[in-house]
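Here the structure is laid out as structure tokens; the discussion comes afterwards.
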Amino acid sequence: MKLSKYILPTLKEDPSDAFVTSHKLMIRAGLVRKETAGTYAYLPFGLKALRKISDIVRDEMDKTGAMECLMPELTSADLWKESGRWDKMGPIMFQIKDRNALEYALGPTHEEAFTNMIRSTITSYKELPVNVYQINTKFRDEIRPRFGVIRSKEFIMKDAYSFDIDQAGLDVSYDKMAEAYTNIFKRCGLTTIPVKADTGDMGGSASEEFMVASEVGEETLLLCDKCGYRANQERASHKRNSSKKTETPCAMEEVSTPDIKTIEQLSEFFSCDASSFLKSIIYIADGEPVMAIVAGDREVNDVKLKNHLKCVNLDLADDRTIFEVTGAPVGFAGPAGNDKIRKIFDLDIKNTVNAITGANKKDIHFKNVNPGKDFIISEEADIISSNEGDKCPDCSSEMYVKKGLEVGHIFKLGYKYTEAMNVTVLDQNGKTVHPIMGCYGIGVTRTLAAVIEQHNDENGLKWPISVAPYQVHLVGLGKGEDELTKIEEIYNLLIKSGLDVLYDDRKLSPGIKFANADLIGLPVRVTIGKNYFNDNKIEITVRKNSEKSETSKENLINSVKSILESIDK
RNA sequence: CGGGGCGUAGCGCAGUCCGGUAGCGCAUCUGGUUUGGGACCAGAGGGCCGAAGGUUCGAAUCCUUUCGCCCCGACCA
């Protein structure tokens, strides 16, 4: 491809609306253009990289025996109503009507579509297991799209769904996907961390996320290097201290705490550590108020609480509700002397001694509050988030925290959809059974952004060869007809050898061409200039490490190919 | 949805406080000189100042409304 005829709108300056590296570079290097918030147009250069990624995904998926399909984007509301997600996922879906007022959703995911397809095509255990997938656009009405293509309203995803006759089969299908994912991300030049994750609204049992360590990551991971424990903060747990404090329990008494509400203010007022308090947070779980009680230095983990309550909606209660159920304004709630509300106690609470907590009266706290004496631990669960420094649940050594960007997610879904949508096959005994499902996603467009997050420097992109839009960047620095013809010869030579070449044939000064080559970051740069016209010397530069070498026209192809082979090793 | 910031040429920005009919850099086009790390000279094109309404003799600038974009939060297979 000749650059003079190529749409590659590179930018010298960072676009004003981009904040993260990948977003800036994707725009500066001419991969994408923003259409509006959360939607991007892929230009030729960006699409080429995207294709490289989807080709890798497709290749590895096909190797596992999975079959590529293509589901409609316009999905009937009936499908969603059947699974119960029309209302449940409502806000995230773009729900639309046709002229006859029939309802549709632009697919935010395709469990229903695939399940429906399988329902009408598979009838016997002999046909199982199957794994079907697609690489297709997803539409999600994100509350806040951000970071370029990392969180957008429209993005490309590879989603796969496995159907097995039993749990043992699902385990095999799941493991195959885990392996394929490891291969896929490795081939894309990404270092990923597989972590245990929450299954969220998807339901199901096991779930792993493939995370790329990144400052722009939206997830917090808890990691233990000693035993390899890796979990998303949403579901990470930690080993608790099992022993009770040795202090002698004292009698509970009221303390006047005018206008002192936050844990911070309380710590100062009582001059003691945040952990001495019982923090009582009021939530509304599917319309019912509940109180979550955790140590003052801890945060309630909404996901864990939601899972424990098995509720669909969990929100912080508004001020009025808080007043109604505690008899006090925000800041004075506590488990002691309040029997009206369902209370969930964190696992640590039973070991507290002489704690301080709200008295359910304005401007009053209790001190020397003790479980068993001043309140009963009616319901106990792990409802706090684990933090840096907490002890690993498996080996008790200290865990640390890293930010992660989710590029892939695999689930053991279970029977949720096959039951809800009544998918059945006949088993060996001629009995009607539901197949068991797994589902497996990869954010393809997000993976592209992740690759760029991991491969760049101050001058621009540094493509791994596997996803580079072109392998070779040919920079021609020729003047007259003669010289230009000689460069053209080299260009043709490179192309004939099967290499994918971008030839900068523009009439621009060398500085611009070099800066541009660095920006768009193709793995190998071949420079044809006066050294070639005078001494038959061709310069090869490796973008990744700036290593330069010289070769002749005769050895060019071999040199380039051997460099390409060695670079990413 | 809450809090903050911003919409002026393709891109990055100044001008807005203090009203007088729009400017800088880069990019683009023409001609010429240049050519191994973002060259130079001369010339040219390009903007209803996000939109609507209002105040005024006169609005990019003041007032009202509205739309959009970015950041933080809530949200998030």
Side-chain angles (χ1 to χ4, degrees), chain A residues 9-20 23-24 27-28 30 33-39 85 88-89 91-93 107-111 138 140-148 150-153 155 157-161 197-204 207-210 216-219 232 234-235 302-303 306 313-316 405-413 416-417 437-443 446 459-460 475-480 483-484 504 506-519 525 527-534 537-539 541 546 548:
Chain A
T10 55
L11 261 34
K12 205 158 157 181
E13 289 168 286
D14 284 339
S16 65
D17 57 1
F19 269 71
V20 305
H23 187 195
K24 287 178 187 169
I27 290 170
R28 284 191 56 205
R33 275 290 167 91
K34 184 169 75 182
E35 159 72 29
T36 182
T39 68
R85 291 209 290 183
K88 197 170 176 179
M89 286 191 75
I92 199 95
M93 288 200 273
T109 175
H110 286 84
E111 280 77 14
K138 299 279 181 264
R140 292 187 191 174
D141 190 357
E142 293 289 349
I143 288 176
R144 177 147 90 94
R146 61 179 137 180
F147 302 152
I150 287 176
R151 178 169 292 283
S152 49
K153 289 184 171 172
F155 58 97
M157 187 170 182
K158 186 283 305 179
D159 49 326
Y161 306 86
D198 184 76
T199 50
D201 290 340
M202 300 299 310
S207 160
E208 260 177 288
E209 290 174 333
F210 288 77
V216 304
E218 297 177 282
E219 310 275 351
N232 191 316
E234 283 182 346
R235 76 154 266 168
D302 292 358
V303 172
K306 195 171 168 183
N313 293 307
L314 182 72
D315 298 298
L316 282 170
L405 179 64
E406 179 187 349
V407 287
H409 202 155
I410 59 177
F411 283 90
K412 289 183 185 173
L413 260 186
K416 179 171 171 173
Y417 295 95
M437 275 177 83
C439 81
Y440 318 94
I442 289 180
R446 182 183 280 188
N459 295 321
V475 174
L477 303 176
K479 279 162 267 183
E483 292 181 352
L484 292 176
D504 192 346
R506 297 172 301 177
K507 291 189 178 91
L508 293 171
S509 69
I512 294 177
K513 292 188 176 185
F514 291 141
N516 230 261
D518 288 345
L519 174 60
R525 189 181 90 199
T527 312
I528 307 292
K530 59 188 175 199
N531 292 341
Y532 176 67
F533 306 128
N534 299 337
K537 281 182 188 160
I538 296 175
E539 184 183 282
T541 314
S546 303
K548 285 182 184 173

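All values derive from a computational prediction rather than experimental measurement.
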- Query: Base, sugar-phosphate, or nothing: which does A:D14 touch, judged by heavy atoms less than 4.0 Å apart?
  - Reply: sugar-phosphate
- Sequence neighbours left out, what passes side-chain hydrogen bond (donor to acceptor under 3.5 Å, both in side chains) with A:H23? Give chain and number order. A:Y40
- Item | side-chain N/O A:S509 vs B:rA39 OP1/OP2, d < 4.0 Å | yes
- Query: Whole Å only: how far is the CD atom of A:E218 from the P atom of B:rG73?
  - Reply: 10 Å
- Query: How is A:G529 classified with respect to the nucleic acid when contacts are heavy atoms under 4.0 Å: base, sugar-phosphate, or nothing?
  - Reply: base
- side-chain hydrogen bond (donor to acceptor under 3.5 Å, both in side chains) with A:T10: which residues, sequence neighbours excluded? A:N516
- Query: Contact class for A:E539 vs. all strands (heavy atom < 4.0 Å): base, sugar-phosphate, or nothing?
  - Reply: base
- Query: For A:K530 and B:rG36, is the shortest distance between a side-chain N/O and OP1 or OP2 below 4.0 Å?
  - Reply: yes
- Message: I'd like to check the side-chain hydrogen bond (donor to acceptor under 3.5 Å, both in side chains) partners of A:Y440; sequence neighbours left out, ordered by chain and number.
- Response: A:S162
- For atom CG of A:L519 and atom P of B:rG37, their distance in whole Å: 18 Å
- Query: About how many Å separate CD1 of A:I92 and NZ of A:K153, when rounded to the nearest 0.5 Å?
  - Reply: 10.5 Å
- Give the B/S/- string for nucleotides 23-33 of chain B, one per nucleotide from 5' to 3', where a protein heavy atom under 4.0 Å of the base yields B, of only the sugar-phosphate yields S, and otherwise -. --B--------
- Task: Output all residues satisfying side-chain contact (heavy atoms from CB on, under 4.5 Å) with A:P9, sequence neighbours left out; order by chain, then residue number.
- Result: A:I7, A:R33, A:L43
- Task: Answer yes or no: is there an ion pair linking A:E13 with A:R28, defined by an N-O contact shorter than 4.0 Å?
- Result: no
- Message: Among residues at least two apart in sequence or on other chains, which ones pass side-chain hydrogen bond (donor to acceptor under 3.5 Å, both in side chains) with A:R151?
- Response: A:E142, A:E218
- Note on the structure: Residues passing the ring pair (Phe, Tyr, Trp, His ring centres under 6.0 Å) test with A:Y161, sequence neighbours excluded, are A:F114
- What pairs with A:E208 under side-chain contact (heavy atoms from CB on, under 4.5 Å), at least two apart in sequence or on another chain? A:Y174, A:P194, A:I410
- If we call it a pair only when both distances are under 3.5 Å in a Watson-Crick or G-U wobble match, what pairs with B:rC11? B:rG25
List every contact pair, protein side and nucleotides 70-72 of chain B side both N or O, where the distance is under 3.5 Å.
unit_1	atom_1	unit_2	atom_2	d
B:rC71	OP2	A:R144	NH1	3.4
B:rC72	OP2	A:R144	NH1	3.2
B:rC72	OP2	A:R144	NH2	2.7
B:rC72	OP2	A:R146	NH1	3.4

